[in-house]
**Student:** 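Here it is, the structure in full.
Just so it is clear: chains get the letters A, B, ... in the order the sequence lines come, proteins before strands, and each one is counted from 1.
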Amino acid sequence: MFSSPRGTADILPEEAREWQWMEGIARDLCARYGYGEIRTPLFEHTELFHRGVGNATDIVEKEMYTFVDRSGRSLTLRPEGTAPVGRAYLEHHLNALAQPVKLYYVGSMFRYERPQAGRMREFHQFGVEVFGSASPLADVEVITLAHSFYEALGSRDTLIALNSIGCPQCRPRYLEALQEYYRPKIGGFCANCQRRLERNPLRLLDCKEEQCRRLSQDVPPIYDYLCSGCRAHFQQVQELLAASGLAFQLQPRLVRGLDYYTRTVFEFIHSALGAQDALGGGGRYDGLIEDLGGPPVPGVGFAMGLDRLLVVLRQSGRPGKAETDPQVCVLAFSGLEKEGFLLARQLRAAGLRVLQDFGERGLKAQMKWAGRTGAPWAVLLGPDEWQQQKVILRDLTAGGQEEVAREQIVPELCRRLGSAAGER
RNA sequence: GUGAGCGUAGCUCAGCUGGCUAGAGCGCCAGAUUGUGGCUCUGGAGGUCAUGGGUUCGAGCCCCAUCGUUCACCCCA
């Protein structure tokens with residue numbers, strides 16, 4: 001017996017309806033905001049992630065599903081969506097289109113990690129990217145889009161954490177200041193922090209070790225070091241968010257784990273999630289396209305974990321479901337299976353969701369099955385009634401039944417099930 | 001990669017200090033009703049006790065390893 005590989009999961013039909021519902025809301029919302037869907041491959045050249053995500057990141061250092069194919073190329077299952085979308089933007093010269101170019105994606109990402117609550121090796125993200133605008137309006141548009149998404153799903157209690165991590169102009173000065181601050185007392189910090197002091201001092205800020213937090217209590221905030229451009233940008237992002245009525249929390253120690261971020265970074269935090277409490281996150285990545293070998297093109301976007309989102313929705317209220325419940329079951333006595341089959345076809349052509357029992361068992365078993373499908377109506381084809389050009393229409397909810405003329409059954413069911421179905 | 005808990009029927013679980021052919025509830029299939037679901041009753045199918053090794057007269061139970069799973073660390077979605 002096989003089971004699905006570690007950290008992966010099957011999504012069975014009942015659960016898939018929740019996914020369809022959730023993804024449908026994402027797609028509608030993106031259409032309303034003018035984002036077009038992009039579908040990129042599930043694997044890319046490994047080098048793309050080295051360059052796009054950054055060699056010093058945990059993703060690249062230890063979490064990638066990398067393999068060599070039969071011709072010796074090194075390929076990697078995508079661990080995130082932004083670098084592939086950036087690659088596609090360049091490859092297809094989307095900078096020749098009217099700017100900005102606004103894209104969204106929904107799909108699987110892969111990271112080799114130990115699974116735990118809210119973390120799988122294959123997980124699902126919904127993300128958006130805006131290329132070609134440096135305006136703070138773009139930053140705020142993606143944040144409000146994410147917020148609208150949570151609202152449309154009925155999820156409350158999502159905290160927006162916001163920060164700016166500067167740009168290549170001003171960040172180096174801040175990194176130096178950080179190193180100066182930490183260096184004298186680095187002995188008291190955890191091994192991780194000690195290792196990072198020279199490589200990536202920003203990461204010392206969000207270390208969760210009790211000891212490290214205490215020792216860096218009075219670390220200088222980045223705000224004093226931002227250049228005038230970054231400062232103005234950050235200021236406007238905050239004003240626009242406030243004007244949109246979105247509550248957010250400035251978190252001077254919010255740094256994100258991917259190298260491409262500049263200026264604005266943000267995270268959506270949900271308290272119901274336990275240790276893995278980030279529902280989504282994102283920020284601005286003005287250097288990414290250049291890092292990938294293209295012209296300087298500013299960008300901003302977010303990604304959110306749909307698996308985690310579903311966990312939250314199940315905890316507070318019920319997630320919606322795609323409408324797929326069967327409406328009619330067709331049951332036929334032995335010898336009338338073909339007639340039942342053809343009637344089911346007619347009903348489906350009229351737009352109804354119809355199941356047919358394939359026979360091979362008694363009427364009792366068929367009825368039992370029909371009851372379990374949840375369909376409100378059953379049509380029974382019995383030899384006596386069929387001879388008189390009639391069928392039995394049974395109400396599976398209330399329990400009664402009546403005879404209906406054969407040629408009347410399709411319109412009759414359409415009428416009882418209401419609405420549009422019959423008008424196709 | 002590190003640490004801890006847990007693996008008995010499709011599901012939820014019981015199984016004493018190691019001792020007969022390993023149990024329950026739910027679910028599934030069939031019958032009671034030769035043409036009618038839900039309720040009830042009766043019967044049936046379904047288990048390499050995660051896998052491999054060890055200790056023992058004897059292992060579902062004890063020991064070791066492996067795999068899986070859950071949670072946490074690291075980090076992120």
**Student:** So A:Asp384, base contact, sugar-phosphate only, or nothing? Heavy-atom distance under 4.0 Å.
**Tutor:** base
**Student:** Is there a side-chain contact between A:Gln401 and the phosphate of B:rU36, meaning an N or O under 4.0 Å from OP1 or OP2?
**Tutor:** no
**Student:** Without decimals, in angstroms, what is the distance between A:Arg121 CZ and B:rU69 C1'?
**Tutor:** 12 Å
**Student:** Could you tell me how far B:rC39 sits from B:rA77 if I compare only their C1' atoms? Round to whole Å.
**Tutor:** 48 Å
**Student:** Checking base pairs now: Watson-Crick or wobble, both atom distances under 3.5 Å. What partners B:rA32?
**Tutor:** B:rU40
**Student:** Under the 5.5 Å and 30° test, is A:Phe123 stacked on the base of B:rA77?
**Tutor:** yes
**Student:** What is the distance from CZ of A:Phe268 to P of B:rC76, rounded to the nearest Å?
**Tutor:** 17 Å
**Student:** Base, sugar-phosphate, or nothing for A:Leu396, non-hydrogen atoms under 4.0 angstrom?
**Tutor:** base
**Student:** Set out, in order, the CA-CA distance, both residues' side-chain angles and the distance that settles side chain to side chain contact (heavy atoms under 4.5 Å, CB included) for A:Glu80 and A:Tyr260, then state yes or no.
**Tutor:** CA-CA 12 Å; A:Glu80 59 99 50; A:Tyr260 49 59; 2.5 Å; yes
**Student:** When the nearest nucleotide of RNA chain B is assigned to A:Gly371 and to A:Gly305 on a heavy-atom basis, which residue is associated with the more 5' position?
**Tutor:** A:Gly371
**Student:** Under a 3.5 Å cut-off for both distances, is B:rG3 Watson-Crick or wobble paired, and to whom?
**Tutor:** B:rC71
**Student:** Is A:Leu306 touching bases, backbone alone, or none of the nucleic acid, heavy atoms closer than 4.0 Å?
**Tutor:** nothing
**Student:** Ignoring hydrogens and angles, does a donor from either the side chain of A:Glu113 or the base of B:rA77 sit under 3.5 Å from an acceptor on the other?
**Tutor:** yes
**Student:** Within the structure shown, what part of the strands sits under 4.0 Å from A:Glu385 by heavy-atom distance: base, sugar-phosphate, or nothing?
**Tutor:** base
**Student:** Any chance the side chains of A:Tyr223 and A:Asn163 put a donor and an acceptor closer than 3.5 Å?
**Tutor:** yes
**Student:** What do you reckon, is CZ of A:Arg314 surrounded by more than 12 foreign heavy atoms closer than 6.0 Å?
**Tutor:** yes
**Student:** At under 4.0 Å between heavy atoms, what does A:Ile59 touch on the DNA or RNA strands: base, sugar-phosphate, or nothing?
**Tutor:** nothing
**Student:** I'd like to know if A:Arg203 reaches the base of B:rC75 with its side chain, counting only an N/O donor and acceptor under 3.5 Å.
**Tutor:** no
**Student:** Atom OH of residue position A:Tyr112 - does it have more than 12 heavy atoms of other residues, nucleotides or ligands inside 6.0 Å?
**Tutor:** no
**Student:** Can you tell me, in whole Å, how much space there is between the P of B:rU51 and that of B:rU8?
**Tutor:** 10 Å
**Student:** Got a sec: does the CZ of A:Phe341 have more than 12 other heavy atoms crowding it under 6.0 Å?
**Tutor:** no
**Student:** B:rA50 and B:rC6: how far apart are their C1' atoms, nearest whole angstrom?
**Tutor:** 12 Å
**Student:** Taking only the side-chain nitrogens and oxygens of A:Lys364, find out if one of them lies under 4.0 Å from OP1 or OP2 of B:rG37.
**Tutor:** yes
**Student:** Mind checking whether A:Glu267 and A:Leu254 have side chains closer than 4.5 Å, heavy atoms only?
**Tutor:** yes
**Student:** Using a 4.0 Å heavy-atom cut-off, does A:Gly127 contact any base of the nucleic acid, only the sugar-phosphate backbone, or nothing at all?
**Tutor:** nothing
**Student:** Could you tell me which nucleotide pairs with B:rU55 by Watson-Crick or G-U wobble geometry, both distances under 3.5 Å, or answer none if nothing does?
**Tutor:** none
**Student:** Look at all strands and tell whether A:Gly118 reaches a base, only sugar-phosphate, or nothing, counting heavy atoms closer than 4.0 Å.
**Tutor:** base
**Student:** Looking at every strand, decide which applies to A:Asp395 at a 4.0 Å heavy-atom threshold: base, sugar-phosphate, or nothing.
**Tutor:** base
**Student:** Using only modelled atom types and a 3.5 angstrom limit, is any donor from either the side chain of A:Gln366 or the base of B:rU36 paired with an acceptor on the other?
**Tutor:** no
**Student:** Could you give the distance separating B:rG43 and B:rA24 at their P atoms, to the nearest angstrom?
**Tutor:** 12 Å
**Student:** Under 4.0 Å between a side-chain N or O of A:Arg361 and OP1 or OP2 of B:rG37?
**Tutor:** no
**Student:** Taking atom P in both B:rA22 and B:rU33, what distance in whole Å separates the two?
**Tutor:** 36 Å
**Student:** Any side-chain N or O of A:Arg256 less than 4.0 Å from the OP1 or OP2 oxygen of B:rA77?
**Tutor:** yes
**Student:** How many whole angstroms separate atom CZ of A:Arg119 from atom C1' of B:rG1?
**Tutor:** 12 Å
**Student:** Just to be sure I understand the rule, does A:Met109 reach a base, reach only the sugar-phosphate, or reach nothing, if contact means heavy atoms closer than 4.0 Å?
**Tutor:** nothing
**Student:** Measuring from the side chain of A:Gln116 (C-beta onward, heavy atoms only), which nucleotide among B:rU36, B:rA77, B:rA72 has the closest atom?
**Tutor:** B:rA72
**Student:** Taking the P atom in each of B:rG58 and B:rC73, what is the distance between them to the nearest angstrom?
**Tutor:** 46 Å
**Student:** Expressed as a whole number of Å, how far does the P atom of B:rC64 sit from that of B:rG18?
**Tutor:** 16 Å
**Student:** From CH2 of A:Trp369 over to P of B:rC29, roughly how many Å is that when rounded to an integer?
**Tutor:** 12 Å
**Student:** Considering residues, nucleotides and ligands other than A:Arg345, do more than 12 of their heavy atoms fall under 6.0 Å from its CZ?
**Tutor:** no
**Student:** Over all strands shown, is A:Thr373 touching base, sugar-phosphate only, or nothing at heavy-atom distances under 4.0 angstrom?
**Tutor:** nothing
**Student:** Rounded off to whole Å, could you give me the CD-to-P distance for the A:Glu267 and B:rC75 pair?
**Tutor:** 13 Å
**Student:** Looking at B:rU69, I'd like to know if its phosphate oxygens (OP1 or OP2) sit under 4.0 Å from a side-chain N or O belonging to A:Arg6.
**Tutor:** yes
**Student:** May I ask you to verify whether the side chain of A:Arg114 and the base of B:rG1 hold a donor-acceptor pair under 3.5 Å?
**Tutor:** no
**Student:** Rounded to whole angstroms, how far apart are CG on A:Leu254 and C1' on B:rC75?
**Tutor:** 14 Å
**Student:** Between A:Lys321 and A:Glu14, is there a salt bridge with N-O shorter than 4.0 Å?
**Tutor:** yes
**Student:** Round to a whole Å and report the spacing from CZ of A:Arg253 to C1' of B:rC76.
**Tutor:** 18 Å
**Student:** With hydrogens left out and only the distance checked, is there a donor-acceptor pair under 3.5 Å joining A:Arg111's side chain and the base of B:rC76?
**Tutor:** no
**Student:** Does the pair A:Arg183/A:Glu180 count as a salt bridge with the N-to-O cut at 4.0 Å?
**Tutor:** no
**Student:** Suppose we define a pair by two distances each less than 3.5 Å, Watson-Crick or G-U wobble; what does B:rU17 pair with here?
**Tutor:** none
**Student:** Taking for each residue the nucleotide of RNA chain B with the nearest heavy atom, is it A:Ala117 or A:Leu363 whose nucleotide lies nearer the 5' end?
**Tutor:** A:Leu363
**Student:** In the strands shown, is B:rU66 matched to any nucleotide by a Watson-Crick or G-U wobble pair with both distances under 3.5 Å, and which?
**Tutor:** B:rA50
**Student:** Using the C1' atom as the point on both nucleotides, what is the distance between B:rC63 and B:rU56, in whole Å?
**Tutor:** 12 Å
**Student:** Could you walk me through whether A:Glu129 and A:Val85 pass the side chain to side chain contact (heavy atoms under 4.5 Å, CB included) check?
**Tutor:** CA-CA 8 Å; A:Glu129 318 287 356; A:Val85 173; 3.9 Å; yes
**Student:** Given B:rA77, is OP1 or OP2 found less than 4.0 Å from the side-chain N or O atoms of A:Gln125?
**Tutor:** no
**Student:** Let me know the distance between CE of A:Met367 and C1' of B:rG37, rounded to the nearest Å.
**Tutor:** 4 Å
**Student:** Nearest to the A:Leu258 side chain among B:rC74, B:rG35, B:rA77, which nucleotide is it?
**Tutor:** B:rA77
